[in-house]
2 protein chains.
Amino acid sequence: MSGERLIYLPLGGAGEIGMNCYVYGYGKPGKERLIVVDLGVTFPDMDSTPGVDLIFADIAWLAENRDRIEAVFITHAHEDHVGAVGHLFSRIGAEIHARRFTAAIARMKLEDAGIGPEHVHTAEPWPAQVEAGPFKVGFAPISHSIPESSALIIDSPAGRIVHTGDFKTDETPLVGEPFDRDFWRGIGDGGVQALVCDSTNVFSPKPGRSEASLGPAIEALVAAAPHRVVATTFASNVARVKTLAEAGHRAGRSICLMGRAMRRMIEAALDTGVLTDFPKTISPEEAEAIPREHVMLLVTGSQGERRAASAALSRGKYLGIELGEGDLFLFSSKTIPGNERSVGRIMNNFSEMGVDVVDDDDGAYHVSGHANRPDLREMHELVRPAMVVPMHGEHRHLRAHVALAEEGGRPAALAPNGTMLDLGGNAPKVAGHVEAGRTYLDGAVQIGAMDGVVRDRIRLALNGHVLVTLIVEEGGEALGDPWCDTKGLPETGRSRAPLVDVLEEDLSQFVNRAGRRTLQDDDRLEGELTKIVRKTALDEIGRKPEVTVVISRLS
Amino acid sequence: MSGERLIYLPLGGAGEIGMNCYVYGYGKPGKERLIVVDLGVTFPDMDSTPGVDLIFADIAWLAENRDRIEAVFITHAHEDHVGAVGHLFSRIGAEIHARRFTAAIARMKLEDAGIGPEHVHTAEPWPAQVEAGPFKVGFAPISHSIPESSALIIDSPAGRIVHTGDFKTDETPLVGEPFDRDFWRGIGDGGVQALVCDSTNVFSPKPGRSEASLGPAIEALVAAAPHRVVATTFASNVARVKTLAEAGHRAGRSICLMGRAMRRMIEAALDTGVLTDFPKTISPEEAEAIPREHVMLLVTGSQGERRAASAALSRGKYLGIELGEGDLFLFSSKTIPGNERSVGRIMNNFSEMGVDVVDDDDGAYHVSGHANRPDLREMHELVRPAMVVPMHGEHRHLRAHVALAEEGGRPAALAPNGTMLDLGGNAPKVAGHVEAGRTYLDGAVQIGAMDGVVRDRIRLALNGHVLVTLIVEEGGEALGDPWCDTKGLPETGRSRAPLVDVLEEDLSQFVNRAGRRTLQDDDRLEGELTKIVRKTALDEIGRKPEVTVVISRLS
């Protein structure tokens, strides 16, 4: 094949569950023509990314090589796969391909970012294929929890890749196409070079359960509830929203959707025709007007998000609706690690209102959208690839998935973000490394995770802040005393005197004794004043704050 | 009884799992003589308490009534029950009573705070009683996960209270006394007015499992491990440390304890004679020197704490020990909600080192130290109190526990922190409310949760900070231009010019146009400059930062 090669390069999603972004390339080394699979986001948290609005993969490498990018393919419309298209499109500059429903969501994202929706092209499902340079890419329906979720079948001159996207092996997923064992066996019969495979649930030892298994339990719960019923799940889990709505409808209740993301997602699913038989919904005003035992609200905020409908309802009246004694609130969801405190806060608020909270402790009201360990093994066996490349997982998931593939006798590679693999030959081979990282959407600005902006915020939060101002006259004499202002620090410490007074006293003593040489040397003066503030604060309040020194020189 | 009453007042622990602090009183209203049960801590998190070191109950009410306090009783030596004794002793001023092992830990806490250990008195277990004003208090052994854990049997002129402390119904707890059904039935025979009862596991539907059930599985795991084995659990879970050490010992390994808290806890348990047959331990140096398949390390940091041994080992070499390919790391613990991200980070670090991480997903390597729902029901039935008062739980736990008691035909009350109950009569009655809250240990200073210090830190972290300085001459003219300094903000925004330049430009324009009236009015000037910074920042970077304005007036 005269030095051409087939490469795989994850830029996001291989090292975390979120912000998926994978690159495939074919061609001479360094000149491969590229396609991008998914442009997703992940969500910030107070621990590591305070103040940040959204996180996506650092695509600097793609931006540098944008003339080599043939196209972008989006597997499905979950935020961790499509959420960044609007934010990153202009740096990638290649057209976007997705199936009808996903394309509708992607177009909304582009329009939100002021970009023309015509850059998104609707693809037909397999056996249709989209040509993209050396690649032919087909969208193969696969079961997940959102309409038209697809694996990608990527044909290249060096063989076929199956990129699973998110999937489970559900023959009755309610929304989206059923998992079709014969189809995947057939793909396997045709020969597959590499299976690039979802790893999310590699630690779940039992076979996954079908979405269809939930309906009866939820219906029974709703039917037995004496008053209002409210249920929350991910807005983008269209399958679950449908399961909940149908269970409520069968239990004789009118359905009301609350929260923009949920209404938008369901409207898009109805508009594109991928969601049918969805019960008629009523508005919050109508829901408030009818007896509460006839209502079921489906609301956003299953992860405890502060601004979503669940949190708003837990704080009091929201859109005219106020929950109370005897109402039932169902979390039909799994709490994502890290969100337990926010979810717990909402549960306790509801408890204070007298609302009965039911969650998924025993699995009766939630099933995962991802393939469990035995399901992954089955997928390997159906597709029978020459090699397996685990993706969509933290490092430990990828590692366990590599071991699972190897147990099955298939070579596999642990390739975290930034690891370029050569997928030719009999086993994946590391072909190089590129800089991979995270980009933060921070207000209106995209900043790099390593820029230090967020690090400074974390330091302010952990240490508090002291500001010192000093005016120095033209001749090099201090004009008046140094002045301090604190933020996020106790007002008094060990000496019981105001902290600001103690700091100013110590700073004044230093300034009064300091020679002209020191006072004329900005760096040295700043360094000395900072040192004094930190030492005095440590003595007084037992911590070293962040310090900013502003020296104004009159001239 | 001529207007005397028996009261219960939780100040901490009834509304959270942590910072336990309960008050009982007997006497004329407002003049009750008081005893305090437990003085515990809870731990800060970045979401709500960045920079804080430790959290305990706000005991302002106790401090105001310190002349009424007869004594303090500590049920057991877990941090959420004993952790605050050193920090709060001087404001309470009453002597502390605890059983031998708990007393040893409490004395260490007092000494850490520079307070004489003689204020802690060693109590003998039931049937011994400590007299404290109108109360007689006995320490009744009950199974938990630490030596000498005790329920309190509190006799008052208005009847007997059983305060369970933390407990489970374990007949083979390995450490501490077995749960004794006959004993508790006997107590019930004697008549109990109120059962004040642990609620932690009210949502766990199955009977709890015994500590003794873990040994064989852990031993098998250790025996099968080819290389080094490291296990972590709460240092204060002495039962588990013993289970792990014995399993390792039986599997032919030498045991090494790492982490100050764990060494200190085990030493105290050995010194006080409550822990016997603990395998001989070796030092980290010795552990490094012998073949790694002969070593088992027991380490602190099961909750992902940054400074503990687990986190240190996950970052690289620690005390000469470096984990690697083929080593096994066992989390013999439950991750407390809110700690999932930190624990996940450690697991992924180990994954990158090639260490196999095993956790408690399926319950094989961890059991809870608290009574599950059926166990709570059993306790109600053994003790047969006139009323039940759930404690040690979040609001939702207390609420569910009240419902459980009522299902059993017993009156119960939901009394969150600050709710004073009258425990006389046939059912608990709300007798009043006192201010309850949290105190933060922040460096060397105790601050109130509502003081605004932490709120300011959170705002700095979420919004970043702009500092503006302006010098105004005696005559009321600005001297030079306003000067800006930013922290935690992007350097450039929409205009691509440095943010600081854009801010200074807008501020200068304002100052140049401002009349003398404005320039001479500090409040107005500060308000206007702040407004400009926030508006310009919103335009440029899409967020409104915190602003500090310093106006220096020359005179």
Side-chain angles (χ1 to χ4, degrees), chain A residues 15 45-48 50-51 203 205 337-338 340-342 344 347-348 350-352 357 361-362 394-396 398-399 442-445 447 451 453-454 456-458 460-465 467 469 471 479-480 483 485 487-494 538 540-543 546 548 550 552 554, chain B residues 15 45-48 50-51 203 205 337-338 340-342 344 347-348 350-352 357 361-362 394-396 398-399 442-445 447 451 453-454 456-458 460-465 467 469 471 479-480 483 485 487-494 538 540-543 546 548 550 552 554:
Chain A
D45 60 71
M46 187 72 184
D47 286 295
S48 61
F203 291 115
E340 287 80 1
R341 276 212 187 88
S342 319
M347 288 181 171
N348 283 312
F350 282 136
S351 177
E352 291 182 23
V357 174
D361 264 348
D362 48 2
E394 300 171 9
H395 195 282
R396 62 199 177 103
L398 304 182
R399 185 162 179 273
D442 192 68
V445 185
I447 58 178
D451 288 0
V453 172
V454 168
D456 281 354
R457 281 187 210 151
I458 292 172
L460 287 170
L462 292 176
N463 306 327
H465 185 234
L467 155 68
T469 54
I471 303 176
L479 180 62
W483 197 90
D485 187 275
K487 255 203 158 66
L489 292 174
E491 281 181 20
T492 57
R494 287 201 177 95
L538 188 63
E540 277 291 301
I541 58 169
R543 63 165 62 240
E546 301 301 300
T548 302
V550 176
S552 304
L554 301 184
Chain B
D45 60 71
M46 186 72 184
D47 285 296
S48 60
F203 291 116
E340 288 79 1
R341 276 211 187 88
S342 320
M347 288 181 172
N348 284 312
F350 282 136
S351 178
E352 290 180 24
V357 174
D361 264 348
D362 49 0
E394 300 170 10
H395 195 282
R396 62 200 177 102
L398 305 182
R399 187 163 179 270
D442 193 66
V445 185
I447 57 178
D451 288 1
V453 173
V454 169
D456 282 354
R457 281 188 211 149
I458 292 173
L460 287 170
L462 292 176
N463 306 326
H465 187 223
L467 153 69
T469 54
I471 303 176
L479 180 62
W483 197 89
D485 188 273
K487 253 200 160 66
L489 293 174
E491 280 181 21
T492 57
R494 287 201 177 95
L538 187 63
E540 276 293 299
I541 58 169
R543 64 166 61 239
E546 301 301 298
T548 302
V550 177
S552 305
L554 302 185

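The figures here come from the full heavy-atom set of this structure, side chains too, leaving out hydrogens, waters and symmetry mates. The chains referred to below are lettered A, B, ... by the order of the sequence lines, with proteins before strands, and numbering in each begins at 1. Here the structure is a predicted model, which means the values were calculated and not measured.
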Requested in this report: Sort A:Glu491 into side chain, backbone, both or neither according to what part of it lies under 4.5 angstrom from a heavy atom of chain B.
Outcome: neither
Report summary line: In terms of heavy-atom contacts, B:Pro337 and A:Glu340 come closest through CB-CB, 3.6 Å
**Report entry** Within-4.5 Å side-chain heavy-atom neighbours: B:Met46 and A:Leu462
**Finding:** yes
Query raised in the report: Hey, which of B:Leu538, B:Leu489, B:Thr492, B:Val357 has the most heavy atom pairs under 4.5 Å with chain A?
Result: B:Leu489
Query - B:Leu398 portion near chain A, given a 4.5 angstrom heavy-atom threshold - result: neither
Report task. Go through the atoms of A:Ile541 and report whether side chain, backbone, both or neither lie under 4.5 Å from a heavy atom of chain B. Result -> both
Query raised in the report: With only heavy atoms counted, which part of B:Val550 is less than 4.5 Å from chain A, the side chain, the backbone, both or neither?
Result: side chain
**Report entry** Heavy-atom proximity to chain A below 4.5 Å, by part of B:Ile458
**Finding:** both
Query - Qualifying residue for side chain to side chain donor-acceptor pair (under 3.5 Å) with B:Ser351, from A:Arg396, A:Glu394, A:His395 - result: A:His395
**Report entry** Part of A:Asp451 within contact of chain B (heavy atom distance under 4.5 Å)
**Finding:** neither
Query raised in the report: Taking only residues two or more places apart in sequence or in another chain, which ones pass salt bridge (Lys or Arg N to Asp or Glu O under 4.0 Å) with B:Asp45?
Result: A:Arg341
Query raised in the report: Between A:Leu467, A:Val454, A:Asp456, A:Ile447, which has the largest tally of heavy atom pairs under 4.5 Å with chain B?
Result: A:Leu467
